[in-house]
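Below is one structure, written out as structure tokens, with a few remarks after it.
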Amino acid sequence: MPVQPQAVLEPVETSTAGSSARREFERRTARREAAIRERHPRLRGLLLALFDDPSSTKVWAQGARGERLVGRKIDELAGEHLVALHDRRIPGTKANVDHMAITACGVWVVDAKSHTGRLEVRRSGGLFSPRVAKLFISGRDQSRLLTGLQKQVDLVRLALIEVDAPIEVRGALCFVDTELPWISESIGGVPLVGRRGLAKLLKREGTLTSEDREAVASFLASRFPPA
């Protein structure tokens, strides 16, 4: 048993994929509507009908949808292949981990992304310079997505190290509504996948039993509460 059961076998507090992003979208929408009603009491209905939420607000609804779809795919494998934790808060911050899947081969930290457009990996360097790979979507450099995911992976890995649990922790970016390459891609060992590709990763064989997975999930749920 990789994690001491007496320290972790508490009931896992469930959470819903995309719930925190949805709440943020609703909060921003309500704040905008309240501001319009206060400033333009006579025309508030007309203005709300004519003008949609700004893109900075819409992105939260888009993100929540992506998290729900990825969470649904992960939940299809729950029980037989994994234990799922969705929308977990990173203590001391306003950030969250979209999904954690505790599988037979270890813990996968999954970041759901809803970017539209074509995804490509651009590589440079070679014989006389360092080899560099960057993530582009719709022609824009989105390599920061990898940096954000790596921070989450490091936090989960550190939590397990602190209790002497030698369990591998990996990260994956799962894309919704994104045009992915025909040939699967990865950067720095991080798979860039859609929902079907993610399911294949999560079904890989490993040494963690179902009891092990439940224990690890209980521990991680205590360290990363619902967002």
Side-chain angles (χ1 to χ4, degrees), residues 1-19 66-90 95-113 145-146 148-176 178 180 184-227:
M1 179 67 66
V3 181
Q4 293 300 317
Q6 66 269 22
V8 300
L9 288 183
E10 298 291 338
V12 174
E13 188 174 357
T14 59
S15 54
T16 303
S19 57
E67 290 180 37
R68 287 197 304 271
L69 292 174
V70 173
R72 190 177 304 164
K73 175 59 69 174
I74 294 173
D75 286 340
E76 290 176 3
L77 306 176
E80 180 181 359
H81 297 285
L82 57 84
V83 180
L85 299 174
H86 302 298
D87 205 8
R88 315 304 292 195
R89 179 168 54 84
I90 297 175
N96 73 303
V97 178
D98 289 349
H99 314 278
M100 282 187 259
I102 297 84
T103 73
C105 64
V107 178
W108 283 94
V109 177
V110 181
D111 206 355
K113 296 301 177 185
L145 302 180
L146 294 156
L149 174 63
Q150 188 58 53
K151 291 179 180 178
Q152 298 175 25
V153 171
D154 290 343
L155 288 171
V156 175
R157 182 180 291 128
L158 179 60
L160 291 169
I161 289 175
E162 289 176 352
V163 292
D164 296 323
I167 298 170
E168 187 164 4
V169 182
R170 306 175 179 89
L173 289 175
C174 186
F175 294 91
V176 177
T178 307
L180 300 175
S184 59
E185 279 282 16
S186 65
I187 296 180
V190 175
L192 312 174
V193 295
R195 283 168 283 171
R196 290 184 180 180
L198 177 65
K200 292 180 180 179
L201 294 176
L202 302 183
K203 290 192 288 187
R204 288 178 178 176
E205 295 184 356
T207 59
L208 292 184
T209 67
S210 59
E211 292 80 6
D212 292 338
R213 298 196 291 269
E214 290 287 350
V216 174
S218 181
F219 171 73
L220 290 177
S222 69
R223 288 296 186 95
F224 300 90

### Query
With E76, which residues qualify under side-chain contact (heavy atoms from CB on, under 4.5 Å), at least two apart?
K73
#### Entry: Where R213 and T103 come nearest, the two heavy atoms and their spacing
CD-C, 3.4 Å
### Task
Look up atom CZ in R68 and atom CG in D75, then write down how far apart they are to the nearest 0.5 Å.
13.0 Å
### Query
How close do A112 and V70 get, heavy atom to heavy atom, and via which atoms?
CB-CG2, 3.7 Å
### Task
Only counting residues at least two apart or in another chain, list the ones meeting side-chain hydrogen bond (donor to acceptor under 3.5 Å, both in side chains) with D154.
Q150, R157
### Task
Locate the shortest heavy-atom distance separating L192 from S186; write the atom from each residue and the value.
CG-CA, 4.1 Å
### Query
Rounded to the nearest 0.5 Å, how far does OG1 of T178 lie from NZ of K113?
10.5 Å
### Query
Can you find a heavy atom in the side chain of P226 that is under 4.5 Å from one in the side chain of R89?
no
### Query
Are any non-hydrogen side-chain atoms of L145 and D111 less than 4.5 angstrom apart?
no
### Task
Check D87, L85, V83 against M100 for a side-chain contact (heavy atoms from CB on, under 4.5 Å) and give me the one that passes.
L85
### Check: I102 and V107 side chains under 4.5 Å, non-hydrogen atoms
yes
### Query
Under 3.5 Å, is there a donor-acceptor pair between the side chain of D212 and the main chain of T209?
yes
Going by atom type alone, with no hydrogens or angles, which donor-acceptor pairs under 3.5 Å involve a side-chain atom of residues 197-204 and a protein atom two or more places apart or on another chain?
none

### Message
Rounded to the nearest 0.5 Å, what separates atom CD1 in I167 from atom CG in L220?
### Response
7.5 Å
### Set of residues satisfying side-chain hydrogen bond (donor to acceptor under 3.5 Å, both in side chains) with respect to Q152, sequence neighbours excluded
none
### Non-hydrogen side-chain atoms of V110 and D98 separated by less than 4.5 Å
no
### Message
Quick one, V193 and L180 - any side-chain contact, counting heavy atoms below 4.5 Å?
### Response
no
### Query
Roughly how far, to the nearest 0.5 Å, is the OG1 atom of T207 from the CD atom of E168?
10.0 Å
### Summary
Residues at least two apart in sequence or cross-chain that pass side-chain contact (heavy atoms from CB on, under 4.5 Å) with L155, listed by chain then number, are I90, F224
### Task
Identify the heavy atoms of L149 and G171 that sit nearest to each other, and give their distance.
CD2-C, 3.8 Å
### Task
Can you sort out the partners of E162 under side-chain hydrogen bond (donor to acceptor under 3.5 Å, both in side chains), two or more places apart, ordered by chain and number?
R223
### Message
Does any part of the side chain of R170, heavy atoms only, come nearer than 4.5 Å to the side chain of P191, both counted from C-beta?
### Response
no
